[in-house]
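As the structure lists them, so they are numbered: ligands from 1, and atoms in each ligand from 1.
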Amino acid sequence: MSRLVIPSHPPNEEGNVVRVTPESAGWEYVGFEVYVLAKGQTLRKETLAQEACLVLLKGKANISTKQERWEQIGLRMDVFEKVPPYSVYVPANDVYEIEAVTDVEVAVCLAPGKGTYPARLIPPSEVGVEIRGAGNIERRVHNILPESQPADSLLVVEVFTPEGNWSSYPPHKHDQDNLPHESYLEETYYHKINPGHGFMVQRVYTDDRSIDETMVVKNGDVVLVPKGYHPVSAPPGYEGYYLNVMAGPVRTWKFHNDPDHEWVMESKLAAKQK
Ligand SMILES: O=C(O)C[C@@H](O)[C@H](O)C(=O)CO
C-alpha cells in the first residue's frame, strides 16, 4: 500500500479511528483525527498550540469549550445526505468536550494556532455550497472553513463526487510558497464511499514525477498530499465524499493547474452552455 494512504482502524477506547500528526505525515502544519463515539460517550481534548475545526460528519452532540457550550448540534445522520454539517471552531490554548447525544462520527481538523479568534459555532447556514465543474467533472463543494472566514491557519472543505465523475480535476497543486502565483498548503483527504464496499482512485503526482502514486482508496482511508497534483475519480455505481484539511505558512488557497489538462475545465463548461 502507498505510504500516502493511512487506513482507518476500529475505534480505540477513546473512539479514535484514524490519526495524522505533522510528525507522522513528515510535514509541518496539518493534523487530522476522526472519532466514532457511541451515544453517551464523551471526548475531551486540549488544543494546546493547535487550532481545531470539529466537523460533525454524522450524528448529534453537545460541544463545549472553556467559554462556550452548544447543545444538540448536528443535522445529518450520514454524510451522503449532502446537507452541510455543523462544525465548531476551537482556538489554540482552549479545551473542547464532545458529548455524543446520538452515535457520532466527528473529524478533528488541526493546524498551528495562535488563539487569535474565539471559539465559535459554524452552523450549516454559514457553509458555502458550490457546484464546481460541469459534465463528468461536476461535483458539489461545501466550504466549511474557507479563507473568507477567520482562523489562524486552517482551511476545511468537503466535496461530493458523483458516480463516474472526477473531482479535484483538472489536476491542481499548491506546493510552492510563491505568492501571488501559488501557496504552499499541505492537505489531507478523508474518504467515504457510498455504497461502503466500493473504492475510489486518487493519483498524487509532481511535475518531475518524483512522486507519482495512483492509489485505490477505500472507505475511511486518509490520503496525504505533501505536494503535487491530486485528482480523484469515482467509479460508476459509487459516490465519493472527502473532507479536506489544508494549512501552510500563509492561509490562502492559491493553486496551480496542471497545464497539460487545464483545458478540460473550459471544454466542459463550454459544452454545458450549448
Ligand atoms: O475541486 C475539487 O473538486 C475539490 C478540490 O479543490 C479539493 O478541495 C482540493 O484539492 C483543495 O486543494
Side-chain angles (χ1 to χ4, degrees), residues 4-5 20 25 27 29-30 32 53 55 57 79 82 84-85 87 107 109 111 127-149 151 153-179 181-193 200-206 211 213-215 217 221-234 238-258 261-269 272:
L4 299 181
V5 177
V20 173
W27 59 29
Y29 296 92
V30 169
F32 182 70
C53 183
V55 180
L57 297 173
V79 293
K82 290 200 279 293
S87 303
C109 310
V127 175
V129 178
E130 178 189 345
I131 300 300
R132 189 175 292 167
N136 53 9
I137 62 169
E138 183 171 293
R139 61 275 196 182
R140 179 185 176 95
V141 179
H142 290 167
N143 291 296
I144 297 168
L145 186 54
E147 59 190 88
S148 57
Q149 298 299 323
S153 313
L154 267 178
L155 294 167
V156 181
V157 57
E158 63 180 18
V159 179
F160 298 86
T161 310
E163 64 159 307
N165 280 21
W166 288 68
S167 61
S168 299
Y169 199 89
H172 67 263
K173 72 180 185 69
H174 34 71
D175 60 15
Q176 299 298 315
D177 187 6
N178 181 29
L179 289 172
H181 308 292
E182 187 172 335
S183 55
Y184 171 85
L185 295 170
E186 300 160 356
E187 185 167 20
T188 56
Y189 276 66
Y190 176 59
H191 288 275
K192 308 285 281 187
I193 301 169
M200 308 288 280
V201 176
Q202 184 162 21
R203 184 184 179 196
V204 177
Y205 68 99
T206 53
I211 295 179
E213 306 242 7
T214 300
M215 298 157 277
V217 178
D221 283 351
V222 173
V223 172
L224 307 179
V225 183
K227 57 182 177 178
Y229 305 99
H230 38 279
V232 174
S233 172
Y238 295 90
E239 181 181 23
Y241 166 91
Y242 50 77
L243 179 69
N244 291 133
V245 180
M246 291 179 274
V250 181
R251 185 171 179 257
T252 185
W253 183 47
K254 188 69 180 167
F255 60 86
H256 171 80
N257 284 326
D258 183 338
H261 307 299
E262 66 180 342
W263 64 271
V264 176
M265 180 61 87
E266 291 314 312
S267 167
K268 294 292 182 180
L269 292 173
K272 187 175 180 179

Does this structure show an ion pair linking Glu239 with Lys82, if we count only N-O contacts that are shorter than 4.0 Å? yes
Between Glu138 and Lys272, is there a salt bridge with N-O shorter than 4.0 Å? yes
What is the closest protein heavy atom to atom 8 (O) of ligand 1, and at what distance does it sit? Asn244 OD1, 2.7 Å
For atom 5 (C) of ligand 1, what's the nearest protein heavy-atom neighbour? Residue, atom name and distance, please. Ser168 OG, 3.4 Å
Output for pair (Glu147 CD, Leu154 CG), nearest 0.5 Å, gives 13.0 Å
Rounded to the nearest 0.5 angstrom, the OH-OH distance for Tyr190 and Tyr242 is 15.5 Å
In terms of atom number and element, which parts of ligand 1 are under 4.0 angstrom from non-hydrogen atoms of [X]?
{"X": "Tyr242", "answer": "2 (C), 3 (O), 4 (C)"}
{"X": "Arg139", "answer": "1 (O), 2 (C), 3 (O)"}
{"X": "Val157", "answer": "8 (O)"}
{"X": "Met246", "answer": "11 (C), 12 (O)"}
{"X": "His230", "answer": "10 (O), 12 (O)"}
{"X": "Glu187", "answer": "7 (C), 9 (C), 10 (O), 11 (C), 12 (O)"}
{"X": "Tyr189", "answer": "7 (C), 9 (C), 10 (O)"}

Tell me which one of Met265, Arg132, Glu158 gets a heavy atom nearest to atom 6 (O) of ligand 1. Arg132
Answer with yes or no whether the side chains of [Y] and [X] bring together a donor and an acceptor at under 3.5 Å.
{"X": "Tyr189", "Y": "Ser168", "result": "yes"}
{"X": "Tyr205", "Y": "Thr214", "result": "no"}
{"X": "Tyr241", "Y": "Glu158", "result": "yes"}
{"X": "His191", "Y": "Gln202", "result": "yes"}

Any N/O of His172 closer than 3.5 Å to an N/O of ligand 1? yes
Should Ser167 be counted as touching ligand 1, given the test is an N or O pair under 3.5 Å? no
Considering only heavy atoms, does Phe160 approach ligand 1 within less than 4.0 Å through its side chain, its backbone, both, or neither? neither
Part of Phe255 within contact of ligand 1 (heavy atoms, under 4.0 Å): neither
Does Tyr169 have a non-hydrogen atom less than 4.0 Å from ligand 1? no
Within a radius of less than 6.0 Å around NZ of Lys227, do more than 12 heavy atoms belonging to other residues, nucleotides or ligands occur? no
Which of His256, Lys254, Glu187 passes side-chain hydrogen bond (donor to acceptor under 3.5 Å, both in side chains) with His174? It is Glu187
